[in-house]
> 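Before I ask anything, here is the structure I am working with.
Because only heavy atoms are used, hydrogens play no part in the values below, and waters and symmetry mates are left out as well, while side chains stay in. As the structure lists them, so they are numbered: ligands from 1, and atoms in each ligand from 1.
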Amino acid sequence: MSIEISNVSKRFGSFVALDDVSVSIPSGQLTALLGPSGGGKSTLLRIIAGLEQADSGSVRIEGVDATGLPPQKRNVGFVFQHYAAFKHMSVRRNVAFGLEIRRRPKAEIRERVDELLRLVHLEQFGDRLPAQLSGGQRQRMALARALAVEPTVLLLDEPFGALDAKVRKELRDWLRRLHDEVHVTTVFVTHDQEEALEVADEIVVINDGRIEQIGTPDELYDAPANDFVMRFLGPVTQLGDQLVRPHDLVIHTGDPEPGAVTGQVSRITRIGFEIRVEVTTGDQVVVVTLTRTRFRALDIEEGRRCGSGWRPRRSLTRCASVEEARCRSRHAVTTPSGR
Ligand SMILES: Nc1ncnc2c1ncn2[C@@H]1O[C@H](COP(=O)(O)OP(=O)(O)OP(=O)(O)O)[C@@H](O)[C@H]1O
């Protein structure tokens with residue numbers, strides 16, 4: 001394991017920001033700290049970096065007890081949402097900075113900076129000032145600068161948070177490819193579940209100063225440990241007393257299964273290639289998402305009574321394992337053809 005966080009707690013006054021948090025972050029992986037605003041993600045990242053001290057607990061980095069070490073002795077690189085570049089220095093000098101203060105030979109610095117600028121696709125921009133770069137280019141420069149000193153661990157706090165959605169998406173693809181190339185152990189904070197699911201090898205879900213679940217994107221999505229994780233990772237709908245994913249439900253127009261729940265199609269919305277169907281049953285509105293093909297085959301429309309009803313064949317909540325989640329992941333909702 002590259003980073004071992006054991007029983008870390010942190011208070012700000014009487015407010016508990018982290019409550020007895022333990023997590024092991026494997027070497028060479030891209031790990032996301034994911035959770036809602038104020039959950040404690042940045043505090044944990046800052047404790048790993050040494051920018052904040054835990055009240056109790058320990059942090060080991062590559063087997064070394066880093067709990068009492070200052071940031072500069074931890075060999076970590078970090079990038080924040082608003083990267084503070086040296087405004088009067090060229091991109092090239094910004095990237096070289098860490099190497100220059102370490103008094104590395106000039107030829108070595110030149111070579112390393114060239115390599116890094118290539119890696120972050122900024123080789124054309126080495127002589128510009130940071131102000132002459134776009135936001136996305138500036139964050140790429142920040143990453144090159146953090147990587148220059150060959151950190152053991154790279155810590156990214158919402159590195160693309162200040163950028164618009166399109167650039168964010170481009171940069172997250174780019175970060176994944178960059179990581180596949182350099183394999184440095186990377187921990188990045190995000191509150192965007194799509195970003196974490198798309199980029200990370202492993203996700204640590206943090207809420208209210210505690211860890212809710214740790215797992216691969218598939219494990220978290222398919223086998224959430226609790227309702228919080230399930231709701232946070234994607235759309236959900238309530239079916240009776242169960243929380244399910246709308247795309248795990250299907251509507252049948254055939255004969256109802258025994259004990260099926262009666263429903264009526266109350267709203268149909270087209271969202272890209274998906275159709276979102278709301279079915280009202282008693283005081284509950286259940287959302288079902290269907291493909292266009294499936295929707296056309298069903299021939300349903302708003303206001304139509306669903307006859308004797310619909311119900312799930314199987315349930316999916318709080319699965320113990322990915323295997324269990326997979327085998328339980330299709331639900332049937334039957335809407336008999338009561339036209
Ligand atoms: N220096 C501080 N003094 C007082 N309270 C703080 C301090 N730093 C953080 N907090 C509080 O601790 C809690 C956790 O903050 P943290 O920044 O770790 O959350 P986060 O999950 O990273 O949220 P966000 O996504 O909004 O950055 C918040 O309620 C925050 O207000």
Side-chain angles (χ1 to χ4, degrees), residues 3-25 29-59 61 66-71 74 76-84 135-136 138-139 142-143 146 153-165 167-169 171-172 175 185-200 202-215 217 220 224-234:
I3 308 172
E4 288 279 354
I5 294 150
S6 309
N7 308 105
V8 161
S9 292
K10 176 73 184 174
R11 281 169 178 269
F12 293 106
S14 61
F15 180 80
V16 180
L18 292 175
D19 186 10
D20 197 24
V21 166
S22 295
V23 54
S24 300
I25 293 173
Q29 285 203 2
L30 191 52
T31 300
L33 304 183
L34 172 70
S37 182
K41 310 177 293 291
S42 296
T43 303
L44 184 58
L45 197 80
R46 291 170 65 79
I47 287 174
I48 299 171
L51 297 169
E52 202 80 70
Q53 283 295 312
D55 298 333
S56 56
S58 66
V59 178
I61 299 176
T67 318
L69 291 180
R74 296 186 180 207
V76 295
F78 27 82
V79 176
F80 300 102
Q81 186 169 341
H82 296 285
Y83 173 58
R138 258 201 301 278
Q139 289 308 86
L143 272 156
V153 171
L154 188 60
L155 304 174
L156 314 174
D157 194 348
E158 301 255 9
F160 313 134
L163 307 170
D164 72 50
V167 179
R168 242 184 118 112
K169 173 113 182 59
L171 282 190
R172 83 165 74 128
L175 176 66
T185 305
T186 304
V187 185
F188 79 102
V189 162
T190 181
H191 63 266
D192 180 339
Q193 89 282 2
E194 202 181 296
E195 189 163 282
L197 288 170
E198 216 175 289
V199 170
E202 190 159 82
I203 300 175
V204 180
V205 182
I206 302 183
N207 177 39
D208 264 347
R210 292 167 185 268
I211 292 180
E212 298 277 357
Q213 191 172 3
I214 303 173
L220 263 61
N226 53 42
D227 285 359
F228 175 84
V229 176
M230 185 145 178
R231 283 180 198 280
F232 200 73
L233 277 245

> Establish whether atom 21 (O) of ligand 1 and some protein heavy atom are separated by less than 4.0 angstrom.
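Looking at atom 21 (O) of ligand 1, one finds that a protein heavy atom does lie closer than 4.0 Å.
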> Got the closest protein heavy atom to atom 27 (O) of ligand 1, with its distance?
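The answer is S42 OG, 3.7 Å.
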> How far apart are the C-alpha atoms of L44 and V189, what are their side-chain angles, what is the distance that settles it, and do they pass the side chain to side chain contact (heavy atoms under 4.5 Å, CB included) test?
CA-CA 9 Å; L44 184 58; V189 162; over 6 Å; no
> At a 4.0 Å threshold, what atoms of ligand 1 neighbour a non-hydrogen atom of G39?
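The list of qualifying atoms is 19 (O), 20 (P), 21 (O).
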> Are I214 and T31 close enough, and set up right, to give a side chain to side chain contact (heavy atoms under 4.5 Å, CB included), and what steps lead you there?
CA-CA 10 Å; I214 303 173; T31 300; over 6 Å; no
> Only one of F80, F78, F188 forms a side-chain contact (heavy atoms from CB on, under 4.5 Å) with L155, so which one is it?
F78
> Which of the atoms of ligand 1 are close to P36, meaning less than 4.0 Å from one of its heavy atoms?
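Close to P36: 21 (O).
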> Can any side-chain N or O of R172 pair as donor or acceptor with the backbone N or O of A196 at less than 3.5 Å?
no
> Please determine if E198 and K169 form a salt bridge, counting it only when a charged side-chain N lies under 4.0 Å from a carboxylate O.
yes
> So for G40, does at least one of its heavy atoms come nearer than 4.0 angstrom to any atom of ligand 1?
yes
> Out of V189, T43, L33, D192, who is nearest to atom 15 (O) of ligand 1 when you count heavy atoms only?
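The nearest heavy atom belongs to T43.
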> With a cutoff of 4.0 Å, is G13 in contact with ligand 1, counting heavy atoms of the residue only?
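Checking ligand 1 against G13, which is what was asked, there is no heavy-atom contact under 4.0 Å.
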> For A17, take its heavy atoms, then give the atoms of ligand 1 lying under 4.0 Å from any of them.
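Listed by number with element, the hits are 12 (O).
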> Starting from atom 25 (O) of ligand 1, which protein heavy atom do you reach first, and at what distance in Å?
K41 NZ, 3.0 Å
> With backbone taken as N, CA, C and O and side chain as the heavy atoms from C-beta onward, which portion of H191 lies under 4.0 Å from ligand 1: side chain, backbone, both, or neither?
neither
> Students should be able to answer this: which protein heavy-atom is nearest to atom 26 (O) of ligand 1, and at what distance?
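Minimum-distance protein heavy atom for atom 26 (O) of ligand 1 reads S37 OG, 2.6 Å.
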> Before you tell me yes or no, could you show the steps for Q213 and N226 under side chain to side chain contact (heavy atoms under 4.5 Å, CB included), namely the whole-Å CA-CA distance, both residues' side-chain angles and the distance that decides it to 0.1 Å?
CA-CA 8 Å; Q213 191 172 3; N226 53 42; 5.7 Å; no
> Does atom 30 (C) of ligand 1 have a protein non-hydrogen atom under 4.0 Å from it?
no
> Knowing that exactly one of D20, L33, V23, I5 qualifies, which makes a side-chain contact (heavy atoms from CB on, under 4.5 Å) with I211?
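When D20, L33, V23, I5 are each tested with I211, the side-chain contact (heavy atoms from CB on, under 4.5 Å) holds only for V23.
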> Students often mix this up, so state it plainly: with edges at 30° and 60°, are the rings of F232 and F228 parallel, tilted or perpendicular?
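Parallel: the ring planes of F232 and F228 meet at under 30°.
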> What residue and atom, counting heavy atoms only, is the protein's closest point to atom 6 (C) of ligand 1, and at what distance?
F12 CD1, 3.3 Å
> Take L233 and L34 through the test side chain to side chain contact (heavy atoms under 4.5 Å, CB included) and record every step on the way to the result.
CA-CA 10 Å; L233 277 245; L34 172 70; 3.8 Å; yes
> Please list the nearest protein heavy atom to atom 13 (C) of ligand 1 with its residue and the distance rounded to 0.1 Å.
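In this structure, atom 13 (C) of ligand 1 has F15 CE2, 3.3 Å as its nearest protein heavy atom.
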> With respect to G38, determine whether any N or O atom, backbone or side chain, lies less than 3.5 Å from an N or O atom of ligand 1.
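In this structure, G38 places an N or O atom under 3.5 Å from an N or O of ligand 1.
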> Counting only heavy atoms not in D19, do more than 12 fall under 6.0 Å of its CG?
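Yes.
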